[in-house]
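All remarks here apply to the structure that follows.
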Amino acid sequence: MLDIQQLRKDLNTVVEGLARRGFAFDKELFMKEETRRKELQTRKEDLQAQKNRLAKEYGALMAKGQATEAQALRLQSTEIGEQLADCEAEYIAVDGVLSGFLRTIPNIPRAEVPQGKDAEENVKVREWGTPKTFDFVVKDHVDIGTGLGGLDFDTAAKLSGARFSVLKGNMARLHRAIAQFMLNTHTMEHGYTEVYVPYMVSDVSADGVSSLAKFKEDLFKIEGRDLYLIPTSEYPVTNFVRDEILKHEDLPLKFACHSPCFRSEAGSYGKDTRGMIRQHQFDKVEIVQIVHPEKSAEAHEELVGHAETILKKLELPYRTMLLCTGDMGFSSAKTYDLEVWLPAQNAYREISSCSNFEAFQARRMMARFKNAQGKTELLHTLNGSGLAVGRTLVAILENYQNADGSVTVPTALVPYMGGVSKLEAVK
RNA sequence: GGAGGUGUGGCCGAGCGGUUUAAGGCACUGGUCUUGAAAACCAGCGAUGGCGUGAGUCAUCCGUGAGUUCGAAUCUCACCGCCUCCGCCA
């Protein structure tokens, strides 16, 4: 959510900022509703003040036994009460429209975010590793995984339909090893606190991190309950600080969380239908930081570095992309995507997305802290995938495949595999 | 699922129809004292929004929402959370 004060004082800057990401802000609607809202609020408060005064005077008169005089005040109060009821009803209606409108406006991109309309215009900021050359025809992760008997999409389809997978044997173990390895790296080397969280959140929590009104369709909802399956553990974890006022000396908060993620993938029909790239359910290790507003830009770079460390340790070639204004998510002010090399696709594919939301989420969820001067201020929130577990598995299968169909386990993961250094056919 | 209890500021906790402008304490901030610190003492100290250059001022907020009343933290109803006991169960 944007700052209403800024909208009032500096509307044009906001409108221009939003235009950069292709969002047309309805200036007229906003000004009309906002003017009306302010009028109604002033009137409402004035009536309330009158009513408060009359009630007090009434009490004083009754205490003195002047019942007749008191009676007159009571009539007056009733009359004001009626006016107040009308005014209040209108205020609630206007305020509802306005705050509903405000909550569907995306964040303003930071100045250094390149202008662009879609992923085509993202900017590469760095590249790490060199894609390996193979002296045989490379297979994609589906052929490799099913060939070894470790990936089973047919059984998954029987159980649950499309976009699910079943893992077996050392393939399942490797999947678990990847998550363990990531979690250990972030907690033991990067200073994050491990958390375990609910995989369902309330509508209020969901609306704290993004716009529930806008993105309801992307989530799975629990029937008959106001609960949603989380599309990422950003949802529960960032909400730790909702409606809180933290102490500045407790900042930054850094959390790492391994969880499954559930996405309806509405609107991506026909996209990445093969394999594990795009699933209704996948695991992810998320890293979240809650920081002082002056530190968020710095924290963002650090957090991207933490995600990159995982790819480096796994020796997977990747590149770091700065998303252009048109490709950023709703709540983000700046986003870096990490793209890992997939030999079978002969392309880099997204494996992590690291965003700085600045005060956007904090304002939605009233996440604040007391600064050194004792004033309450909004926090800044950031998060990133560190990394998507399923896609990491895909990248390992493809990059570490051997001519005989086996897959070498990356050195960093061997200890997590109980010493197993190669995936062979599952019996 | 059944029975009972409970929800008040950053935290603890009093208040159960009208100077509540939410007591008191802890924590925090400033000051006095001290070589320094602690202790003690003095003072300050909630959130959100409106108006005002400003000192200020007004409104709202005691789990949430409705209601009763001239007036609600306080009374009524519904919902939600938490706690205790019983039942069931991984």
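Note that this is a predicted model, so its numbers are computed, not measured. Sequence lines set the chain letters: A, B, ... in the order given, protein chains first and strands last, and positions in each chain run from 1.
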Does any donor atom in the side chain of [X] or [Y] lie under 3.5 Å from an acceptor atom in the other side chain?
| X | Y | answer |
| --- | --- | --- |
| A:Q289 | A:E302 | yes |
| A:E308 | A:T320 | yes |
| A:N170 | A:K422 | no |
| A:R176 | A:Q180 | no |

Atom-to-atom span, [atom1] of [X] to [atom2] of [N] - whole angstrom:
| X | N | atom1 | atom2 | result |
| --- | --- | --- | --- | --- |
| A:R37 | B:rC51 | CZ | C1' | 13 Å |
| A:L61 | B:rU19 | CG | C1' | 16 Å |
| A:L47 | B:rG71 | CG | P | 14 Å |
| A:Y91 | B:rG49 | OH | P | 11 Å |
| A:L75 | B:rG71 | CG | P | 12 Å |
| A:L98 | B:rG49 | CG | C1' | 13 Å |
| A:E39 | B:rC51 | CD | P | 12 Å |
| A:N371 | B:rU29 | CG | C1' | 13 Å |

Do [X] and [Y] sit within salt-bridge range, that is, some charged N less than 4.0 Å from a carboxylate O?
| X | Y | answer |
| --- | --- | --- |
| A:E398 | A:R349 | no |
| A:R368 | A:D243 | no |
| A:R103 | A:D207 | yes |
| A:D226 | A:K221 | yes |
| A:K295 | A:E298 | no |
| A:E121 | A:K117 | yes |

Return a single string for nucleotides 57-62 of chain B, one symbol per nucleotide in 5' to 3' order, where B is base contact, S is sugar-phosphate-only contact and - is none, cutoff 4.0 angstrom on heavy atoms.
-BSS--

Using a 4.0 Å cut-off on protein heavy atoms (strictly under), produce a 5'-to-3' string for nucleotides 6-11 of chain B with B for base contact, S for backbone-only sugar-phosphate contact, and - for none.
----S-

Can you confirm whether more than 12 heavy atoms, excluding those of [X], are under 6.0 Å from its [atom1] atom?
| X | atom1 | result |
| --- | --- | --- |
| A:E217 | CD | no |
| A:K56 | NZ | no |
| A:E112 | CD | yes |
| A:K214 | NZ | yes |

Distances under 3.5 Å between nitrogen or oxygen atoms of protein and nucleotides 79-81 of chain B:
none

[N] to [M] separation - [atom1] atoms, rounded to the nearest Å:
| N | M | atom1 | value |
| --- | --- | --- | --- |
| B:rC26 | B:rA78 | P | 41 Å |
| B:rC89 | B:rC79 | P | 28 Å |
| B:rG67 | B:rA72 | P | 13 Å |
| B:rA40 | B:rG56 | C1' | 35 Å |
| B:rA14 | B:rU6 | C1' | 16 Å |
| B:rC41 | B:rC33 | C1' | 9 Å |
| B:rA23 | B:rG46 | C1' | 15 Å |
| B:rG9 | B:rA66 | C1' | 25 Å |

Less than 4.0 angstrom between a side-chain N/O of A:R368 and OP1 or OP2 of B:rU48, yes or no?
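So the side-chain polar atoms of A:R368 do come within 4.0 Å of the phosphate oxygens OP1 or OP2 of B:rU48, strictly under.
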
Between B:rC51 and A:T42, is there an OP1 or OP2 to side-chain N/O distance shorter than 4.0 Å?
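The answer is no; no side-chain N or O of A:T42 sits under 4.0 Å from OP1 or OP2.
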
Excluding sequence neighbours, so at least two apart, what forms salt bridge (charged side-chain N to carboxylate O under 4.0 Å, His left out) with A:E57?
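Expected list: none.
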
Classify A:E249 by what it touches in the nucleic acid, base, sugar-phosphate, or nothing, heavy-atom distance under 4.0 Å.
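Contact class for A:E249: none.
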
Would the distance check show the side chain of A:Q361 and the main-chain N or O of A:V209 forming a donor-acceptor pair, the cut-off being under 3.5 Å?
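Indeed, once roles are kept as given, a pair shorter than 3.5 Å links the two residues.
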
Test side chain to side chain donor-acceptor pair (under 3.5 Å) on A:N107 and A:S331; report intermediate values, then the result.
CA-CA 5 Å; A:N107 205 354; A:S331 302; over 6 Å; no

Base-paired stems in RNA chain B, each at least three Watson-Crick or G-U pairs under 3.5 Å
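Stems (3+ consecutive pairs) listed as B:1-7 with B:80-86, B:10-12 with B:24-26, B:28-32 with B:40-44, B:46-51 with B:56-61, B:63-67 with B:75-79.
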
Mind checking whether A:H190 and A:H186 have parallel, tilted or perpendicular rings, split at 30° and 60°?
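Plane angle between 30° and 60°, so tilted.
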
Taking only nitrogen or oxygen atoms into account, show me every contact under 3.5 Å that the protein makes with nucleotides 64-70 of chain B, one pair per line with its distance.
| residue | atom | partner | partner atom | Å |
| --- | --- | --- | --- | --- |
| B:rC70 | OP1 | A:R74 | NE | 3.2 |
| B:rC70 | O2' | A:S77 | OG | 3.0 |

